[in-house]
Structure formats: C-alpha cells, structure tokens
Amino acid sequence: MNRLHRGIGMTSLRTRDRLIQRLRSEGIGDLRVLEVMRNTPRHIFVDEALASRAYEDTALPIGYGQTISQPFIVARMTELLLESGPLDTVLEIGTGSGYQTAVLAGLVARVYSVERIEALQKQARRKFQELGIRNIRLRYTDGGMGLPEHAPFDGIIVTAAPEGIPKALVEQLKPGGRMILPIGRRTEQVMVRVTRTVSGYDRELLERVAFVPLLGGMQ
Ligand code: SAH
C-alpha cells in the first residue's frame with residue numbers, strides 16, 4: 001500500500017463510519033450489508049482525483065460514460081437480494097468500477113460479474129487483486145443474455161437498466177431465486193424485485209431510481 005492509500009485510509013475509516021450511519025438513518029437495516037460496506041474501501045474504486053468524495057452518498061463518474069452506483073443504492077439492492085437468507089452464487093450484470101461486486105463478494109460464496117467495456121473490467125480486476133478478494137469471477141461479455149454456462153444462480157443483480165425484464169435472465173435463476181434490477185427509460189426507471197417461481201416469476205415494483213442504460217454489444 002502506498003502512502004496516498006494509507007493517508008486516505010486513515011480518514012476514510014471515519015468518513016466510512018459516517019456514511020454507514022447515514023445509510024442506517026435512510027432505512028438500510030441489514031447489519032451484514034452495513035458491516036461489509038464499512039469494511040469496503042470505496043475510494044479504491046474511483047479515480048484518485050475523486051477519492052476525497054468517495055464516501056459521499058452519490059454516484060460518481062468512472063469514465064466511458066459510466067458511473068459507480070450511489071452507496072445507498074448498492075446497500076438497498078444488496079439487502080433486497082439477501083432478504084430471504086444467505087446466497088451461494090450471484091450473477092452481477094455490469095461490473096463497472098467493481099464496488100458493488102466487492103460488496104457482494106463479502107456476503108455470498110461466489111460472484112460472477114460481467115462487463116461489456118473491457119477497460120473497466122481490467123481496472124476492476126486489479127482492484128480485487130489489490131484487496132485480496134478471491135471469490136469473484138469476471139467475464140468480458142454482453143450480459144444481456146446472462147451467463148448461461150454458469151447458470152442457474154441464487155440471485156442476479158443488474159446495475160444498468162434494460163427497458164423491461166429480460167426473460168433470459170429470469171430463466172437463469174433457480175426456483176425461488178431473486179433478481180434485483182432497474183427497468184425503464186433513462187428518465188423514468190423503477191427498481192424491481194423478480195422472484196422465480198415454478199411456473200414463471202413474480203415481480204414487485206419498488207422505488208424510483210436512475211441508472212445508466214443496459215446496452216448491447218461490447219466495447
Ligand atoms: N455496479 C457498478 C455500476 C456501473 S454502471 C458500479 O457501482 O461501479 C453500469 C455498468 O453496466 C457499466 O459499467 C456498463 O458498461 C455496464 N453494462 C451496460 N450494459 C451492459 C451489458 N449488456 N452487459 C454487461 N455490462 C453492461
């Protein structure tokens with residue numbers, strides 16, 4: 001660890017505690033999620049120029065027109081995913097900075113995460129190595145069709161918004177498995193929890209959100 005990281009680390013423990021207090025006061029109740037987020041250095045996942053803002057509860061740019069999700073949204077999606085108990089394998093669509101991936105990795109046995117922008121995926125891989133996280137498998141691919149070769153999953157998190165619920169992803173959930181995703185157009189999105197049933201799926205519409213769009217192809 002270099003001096004810069006150590007320096008930020010000292011203050012970030014305190015600022016991270018403040019962020020966790022704030023998430024609690026905003027309604028995040030899952031103590032496991034809060035503890036993992038307390039221990040996950042978000043400043044590592046943003047550009048050094050933005051590191052001092054890493055513990056504000058806002059999305060920040062990560063390049064290539066993408067953003068690292070707001071901490072509240074990361075906490076909320078993670079607690080919604082884990083509400084019914086611990087999960088074994090989870091698929092994330094949209095690795096981005098890798099922050100949400102790292103939080104998941106602290107809570108489930110194995111995380112598969114796919115990203116369509118190779119440069120972001122490479123950066124994220126380096127961060128996981130730096131932090132010694134070993135239960136993440138990354139794939140550079142268009143995640144719109146999921147990751148059939150590793151399906152079925154106990155849970156799926158989608159961190160970019162498709163216009164509707166992608167059937168291919170629902171089919172990669174185990175029965176009883178859950179998917180948390182934003183759906184809709186850029187200006188009117190809603191977070192949805194999908195639960196796979198024997199015959200199809202149930203969906204619950206949750207709060208309004210704003211994510212970057214799920215795009216096709218690779219870059
Ligand atoms: N969880 C990330 C969110 C990054 S923004 C974080 O907090 O950093 C959403 C990401 O989804 C972007 O990196 C974008 O490139 C990626 N993405 C969009 N469409 C995709 C697709 N079809 N397949 C894989 N990744 C996709």
Side-chain angles (χ1 to χ4, degrees), residues 19 23 28 33 36-37 40-47 50-51 53-81 90-108 111-128 130-131 133 136-151 153 155-170 172 179-186 189 191 209-219:
L19 173 64
L23 296 176
I28 302 298
V33 173
V36 167
M37 287 183 67
T40 306
R42 188 169 182 256
H43 66 273
I44 300 276
F45 293 91
V46 299
D47 193 83
L50 290 172
R53 301 190 53 200
Y55 299 101
E56 293 173 16
D57 190 19
T58 53
L60 293 167
I62 54 172
Y64 310 91
Q66 306 304 321
T67 53
I68 179 172
S69 302
Q70 181 192 349
F72 177 81
I73 291 293
V74 171
R76 186 80 186 115
M77 290 181 97
T78 309
E79 80 173 0
L80 285 165
L81 189 75
V90 168
L91 170 66
E92 176 189 40
I93 312 291
T95 313
S97 67
Y99 176 66
Q100 167 82 74
T101 329
V103 169
L104 285 169
L107 292 157
V108 307
V111 184
Y112 293 92
S113 183
V114 304
E115 172 56 57
R116 64 178 283 279
I117 300 178
E118 191 171 24
L120 288 176
Q121 194 229 34
K122 283 190 170 152
Q123 274 176 30
R125 192 184 295 286
R126 277 201 300 276
K127 310 293 170 175
F128 305 142
E130 209 176 305
L131 294 172
I133 304 176
I136 295 172
R137 300 288 176 272
L138 295 179
R139 205 49 90 67
Y140 167 50
T141 185
D142 175 352
M145 301 304 283
L147 198 57
E149 59 272 39
H150 293 290
F153 302 98
I156 300 179
I157 272 191
V158 187
T159 70
E163 290 199 359
I165 298 172
K167 297 292 175 298
L169 296 185
V170 177
Q172 289 173 33
M179 170 160 69
I180 314 297
L181 78 166
I183 58 169
R185 292 168 199 272
R186 202 179 261 274
Q189 296 171 7
M191 187 131 82
V209 286
F211 278 80
V212 295
L214 188 82
L215 300 173
M218 287 152 81
Q219 178 180 324

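Being a predicted model, the structure only gives us computed values, none of them experimental. Order of listing sets the numbers, starting from 1, for every ligand and every atom in it. Start at 1 with the first residue, then count along the sequence.
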Any E92 heavy atom less than 4.0 Å to ligand 1: yes
Can you list the atoms of ligand 1 that are under 4.0 Å from a heavy atom of G143? 21 (C), 22 (N), 23 (N), 24 (C)
Only heavy atoms of S97, strictly under 4.0 Å: list the atoms of ligand 1 that pass. 6 (C), 7 (O), 8 (O)
Counting from 1 in the order shown, the ligand 1 atoms closer than 4.0 Å to a non-hydrogen atom of S69 are 3 (C), 6 (C), 7 (O)
Does any part of the side chain of L50, heavy atoms only, come nearer than 4.5 Å to the side chain of I68, both counted from C-beta? no
Does ligand 1 have an atom under 4.0 Å from some heavy atom of G216? no
Using every non-hydrogen atom in the two residues, find where G98 and F128 come nearest and quote the distance to one decimal. O-CE2, 3.4 Å
Ligand 1 to I117 polar contact by distance, N or O atoms, under 3.5 Å: no
Run the side chain to side chain contact (heavy atoms under 4.5 Å, CB included) test on V209 and R76 for me, step by step, so that the C-alpha distance in whole Å, both residues' side-chain angles and the decisive distance to 0.1 Å come before the verdict. CA-CA 11 Å; V209 286; R76 186 80 186 115; over 6 Å; no
Answer yes if the side chains of E92 and T101 hold a donor-acceptor pair under 3.5 Å, and no otherwise. yes
Is there a side-chain contact between L104 and S113 (heavy atoms, below 4.5 Å)? no
Any atoms of ligand 1 less than 4.0 Å from a non-hydrogen atom of T67? List them with their elements. 3 (C), 4 (C), 5 (S), 8 (O)
Tell me the nearest of V114, I93, T159 to atom 9 (C) of ligand 1, using heavy-atom distances. T159
T95 to ligand 1, any heavy atom closer than 4.0 Å: yes
Side chain to side chain contact (heavy atoms under 4.5 Å, CB included) evaluation trace for L131 with F45: CA-CA 11 Å; L131 294 172; F45 293 91; 3.6 Å; yes
For ligand 1, find out whether one of its N or O atoms is nearer than 3.5 Å to an N or O atom of E115. yes
Only pairs under 3.5 Å count here: list side-chain donor-acceptor contacts from residues 137-148, not counting sequence neighbours, and write none if there are none.
{"unit_1": "R137", "atom_1": "NH1", "unit_2": "R134", "atom_2": "O", "d": "3.1"}
{"unit_1": "R139", "atom_1": "NH1", "unit_2": "E149", "atom_2": "OE2", "d": "2.6"}
{"unit_1": "R139", "atom_1": "NH2", "unit_2": "H150", "atom_2": "NE2", "d": "3.2"}
{"unit_1": "Y140", "atom_1": "OH", "unit_2": "Q219", "atom_2": "O", "d": "3.2"}
{"unit_1": "D142", "atom_1": "OD1", "unit_2": "G144", "atom_2": "N", "d": "2.9"}
{"unit_1": "D142", "atom_1": "OD2", "unit_2": "G217", "atom_2": "N", "d": "3.0"}

Is A160 close to ligand 1, meaning an N/O of one under 3.5 Å from an N/O of the other? no
Only heavy atoms of G144, strictly under 4.0 Å: list the atoms of ligand 1 that pass. 22 (N)
For ligand 1, does V212 get within less than 4.0 Å through its side chain, its backbone, both, or neither, judged by non-hydrogen atoms? side chain
For E115 and T95, work out which heavy atoms get closest and say how close. OE1-N, 3.3 Å
For residues 155-163, tabulate all N or O donor-acceptor pairs below 3.5 Å that involve a side-chain atom, not counting sequence neighbours.
{"unit_1": "T159", "atom_1": "OG1", "unit_2": "I93", "atom_2": "O", "d": "3.2"}
{"unit_1": "T159", "atom_1": "OG1", "unit_2": "G94", "atom_2": "O", "d": "2.8"}

So which heavy atom in the protein is nearest atom 25 (N) of ligand 1, and how far is it from that ligand atom? R116 N, 3.4 Å
Taking only non-hydrogen atoms of Q66 and a 4.0 Å limit, the atoms of ligand 1 in range are 12 (C), 13 (O), 14 (C), 15 (O)
Donor-acceptor contact below 3.5 Å, side chain Y55 vs main chain R42: yes
Strictly under 4.0 Å, does any heavy atom of I157 approach an atom of ligand 1? no
Of all the atoms in ligand 1, which lie at a distance below 4.0 Å from a heavy atom belonging to D142? 21 (C), 22 (N), 23 (N)
Between V74 and ligand 1, which residue portion shows a heavy-atom distance shorter than 4.0 Å: side chain, backbone, both, or neither? neither
Tell me which one of G96, G94, G98 gets a heavy atom nearest to atom 11 (O) of ligand 1. G94
Without swapping roles, check the side chain of K127 against the backbone of I44 for a donor-acceptor pair under 3.5 Å. yes
Identity and distance of the protein heavy atom lying nearest atom 19 (N) of ligand 1: L215 N, 3.0 Å
Side-chain donor-acceptor contact under 3.5 Å, T78 with Q100: yes
Proximal atoms of ligand 1 relative to L120 (non-hydrogen, under 4.0 Å): 13 (O)
List the atom of G106, the atom of V36, and the distance in Å for their closest heavy-atom pair. O-CG2, 3.8 Å
N/O separation below 3.5 Å, Y99 to ligand 1: no
